[in-house]
Amino acid sequence: MDILIRKELTKEYNTTEKVVKKAFLNEEYSDKKEHLLVSRIRKSDSFIPELSLLAIDQDNEIVGHILLSKITIVNDDKTVDSLALAPVSVIPEHQKKGIGSQLIHAALKKAKEIGYHSVIVLGHKNYYPKFGFKQASLWNIQAPFDVPDEVFMALELTENSLENVQGVVHYSNAFSE
């Protein structure tokens with residue numbers, strides 16, 4: 001399927017949020033509020049416009065979206081910058097066609113290009129490893145809440161960037177509102 005991946009424009013925010021809402025409407029492990037999370041992240045200091053990407057189909061319609069935002073990994077007095085991948089959205093009629101994968105690959109590539117070294121995701125244990133994600137616990141990186149090890153994952157965008165990193169992930173307030 002021919003898909004264009006590009007940066008989201010401010011004028012597209014409302015349309016994007018509708019796409020995100022539609023993408024999660026029938027998802028079992030969803031609170032159906034991912035579109036509100038996207039809106040809150042955009043209004044926070046953790047928002048990075050270059051890492052809010054859209055998937056556009058051949059009819060010039062938005063069919064998917066991905067967002068990477070700033071987080072930190074904190075251990076005592078040491079803080080390391082990282083990114084959270086959340087959410088990645090594809091409207092139901094375009095799911096299972098590789099669009100989510102294209103969005104993830106594009107976002108990870110862009111994140112590395114602009115100087116980020118790692119990404120954290122809370123997601124499906126069988127999906128994210130194909131992008132190189134591994135259990136965050138391998139680096140002694142923990143979620144700030146109770147979650148099974150196999151769904152809380154990290155990815156080094158730069159080789160060995162997490163080698164001397166450990167601690168608890170601190171998400172922006174946008175995630176807890």
Side-chain angles (χ1 to χ4, degrees), residues 5 19-38 40-41 44 46-48 51-53 55 64-76 78-92 94-112 116-177:
I5 306 287
V19 166
V20 173
K21 185 175 185 177
K22 189 175 181 183
F24 284 95
L25 219 46
N26 299 314
E27 288 299 314
E28 183 181 351
Y29 299 106
S30 167
D31 64 2
K32 315 295 183 237
K33 295 180 181 175
E34 287 82 1
H35 61 293
L36 301 176
L37 172 62
V38 169
R40 288 193 308 269
I41 290 171
S44 76
S46 65
F47 182 57
I48 307 164
L51 296 178
S52 183
L53 303 178
H65 173 255
I66 191 169
L67 186 59
L68 297 178
S69 58
K70 296 178 202 170
I71 58 169
T72 55
I73 302 167
V74 180
N75 184 32
D76 297 327
K78 185 179 179 190
T79 299
V80 175
D81 292 331
S82 188
L83 296 169
L85 189 168
V88 59
S89 315
V90 177
I91 59 172
H94 285 320
Q95 290 175 2
K96 310 257 188 271
K97 296 179 181 176
I99 296 170
S101 292
Q102 289 181 55
L103 282 165
I104 292 168
H105 284 299
L108 296 176
K109 181 176 186 243
K110 186 65 177 174
K112 186 174 181 175
Y116 286 91
H117 302 287
S118 64
V119 180
I120 303 292
V121 68
L122 173 61
H124 199 282
K125 66 181 181 179
N126 297 324
Y127 183 68
Y128 289 97
K130 68 183 177 183
F131 302 99
F133 283 90
K134 299 175 183 164
Q135 291 181 11
S137 60
L138 294 172
W139 292 280
N140 291 316
I141 297 171
Q142 294 96 39
F145 39 76
D146 280 337
V147 61
D149 257 6
E150 63 269 12
V151 299
F152 193 70
M153 294 171 265
L155 171 70
E156 294 178 316
L157 294 174
T158 308
E159 192 175 344
N160 298 322
S161 61
L162 293 174
E163 190 173 309
N164 297 309
V165 177
Q166 61 180 8
V168 178
V169 170
H170 286 242
Y171 290 92
S172 78
N173 290 339
F175 281 84
S176 56
E177 290 174 18

Worksheet item: Would a 4.5 Å heavy-atom cut-off, applied to side chains only, mark Phe131 and Ser101 as touching?
Response: yes
Discussion item. A side-chain contact here means heavy atoms from C-beta on lying under 4.5 Å apart; do Leu83 and Ile120 qualify?
Written reply: no
Worksheet item: Side chains of Ser137 and Asp149: is there a donor and an acceptor less than 3.5 Å apart?
Response: yes
Worksheet item: Are side-chain heavy atoms of Gln142 and Phe152 found at a separation under 4.5 Å?
Response: no
Worksheet entry | Nearest atoms (heavy-atom pairs only) where Pro144 meets Val168 | CA-CG1, 3.8 Å
Practice prompt. List the atom of Leu51, the atom of Ala111, and the distance in Å for their closest heavy-atom pair.
Written response: CD2-N, 3.6 Å
Item to complete: Report yes or no: does Lys78 contribute a side-chain atom to a donor-acceptor pair with the main-chain N or O of Gly167 at less than 3.5 Å?
Response: no
Worksheet item: Between the main-chain N or O of Asn173 and the side-chain N or O of Ser176, is there a donor-acceptor pair closer than 3.5 Å?
Response: yes
Worksheet item: Shortest non-hydrogen contact from Ile41 to Ser69?
Response: CG2-CB, 3.7 Å
Worksheet item: What pair of heavy atoms forms the shortest contact from Val151 to Val147, and how long is it?
Response: CG2-CG2, 3.3 Å
Worksheet item: What are the two closest heavy atoms between Leu103 and Ser89, and how far apart are they?
Response: CD1-O, 4.0 Å
Worksheet entry | Rounded distance (nearest 0.5 Å) linking atom CZ of Phe175 with atom CG of Leu37 | 5.0 Å
Practice prompt. Could you tell me how the ring of Phe145 sits relative to the ring of Tyr171: parallel (under 30°), tilted (30 to 60°) or perpendicular (over 60°)?
Written response: parallel
Worksheet item: Does some side-chain heavy atom of Val38 sit less than 4.5 Å from a side-chain heavy atom of Pro87?
Response: yes
Practice prompt. Check the surroundings of atom NZ in Lys32: do more than 12 heavy atoms from other residues, nucleotides or ligands lie under 6.0 Å from it?
Written response: yes
Practice prompt. Would you indicate whether Lys130, at its atom NZ, is surrounded by more than 12 heavy atoms from other residues, nucleotides or ligands within a distance under 6.0 Å?
Written response: yes
Response to the item:
Value for CG (Leu25) from CD (Glu34), rounded to nearest 0.5 Å, stands at 10.0 Å
Practice prompt. Indicate whether the side chain of Thr79 and that of Thr72 have a donor and an acceptor atom separated by less than 3.5 Å.
Written response: no
Response to the item:
Taken to the nearest 0.5 Å, the spacing of Lys112 NZ from Ser161 OG works out to 9.0 Å
Item to complete: Before giving the answer on side-chain contact (heavy atoms from CB on, under 4.5 Å), spell out for Ile66 and Ile104 the whole-Å C-alpha distance, their side-chain angles and the decisive distance to 0.1 Å.
Response: CA-CA 7 Å; Ile66 191 169; Ile104 292 168; 3.8 Å; yes
Worksheet item: Mind checking whether Trp139 and Ile73 have side chains closer than 4.5 Å, heavy atoms only?
Response: no
Fill in: side-chain contact (heavy atoms from CB on, under 4.5 Å) assessment of Leu85 paired with Leu68
CA-CA 5 Å; Leu85 189 168; Leu68 297 178; 3.4 Å; yes
Worksheet item: Side-chain donor-acceptor pair under 3.5 Å between Thr158 and His117, yes or no?
Response: yes
Fill in: Close side-chain approach of Phe24 and Asp31, heavy atoms under 4.5 Å
no
Discussion item. Once rounded to the nearest 0.5 Å, what's the spacing between atom OG of Ser118 and atom CG of Leu108?
Written reply: 11.0 Å
Discussion item. Just checking Lys97: does its NZ atom have more than 12 heavy atoms from other residues, nucleotides or ligands closer to it than 6.0 angstrom?
Written reply: yes
Worksheet item: Any side-chain heavy atom of Leu155 within less than 4.5 Å of one from Val121?
Response: no
Item to complete: Report the C-alpha distance between Lys70 and Ile48 in whole Å, list the side-chain angles of each, state the deciding distance to 0.1 Å, and finish with yes or no for side-chain contact (heavy atoms from CB on, under 4.5 Å).
Response: CA-CA 7 Å; Lys70 296 178 202 170; Ile48 307 164; 3.6 Å; yes
Worksheet item: Side chains of Leu162 and Asn160: does their closest heavy-atom pair fall under 4.5 Å?
Response: no
Discussion item. Rounded at 0.5 Å granularity, tell me how far CG in Leu122 sits from OH in Tyr29.
Written reply: 12.5 Å
Discussion item. Using the rule given for side-chain contact (heavy atoms from CB on, under 4.5 Å), can you reason through Ile71 versus Ser46, listing the C-alpha separation, both sets of side-chain angles and the distance that settles it, and then say yes or no?
Written reply: CA-CA 7 Å; Ile71 58 169; Ser46 65; over 6 Å; no
Discussion item. To the nearest 0.5 Å, what is the distance between CD1 on Ile141 and OG on Ser82?
Written reply: 7.0 Å
Discussion item. Testing the basics here: between Gln95 and Glu27, what is the closest heavy-atom pair and its distance to 0.1 Å?
Written reply: OE1-OE2, 4.1 Å
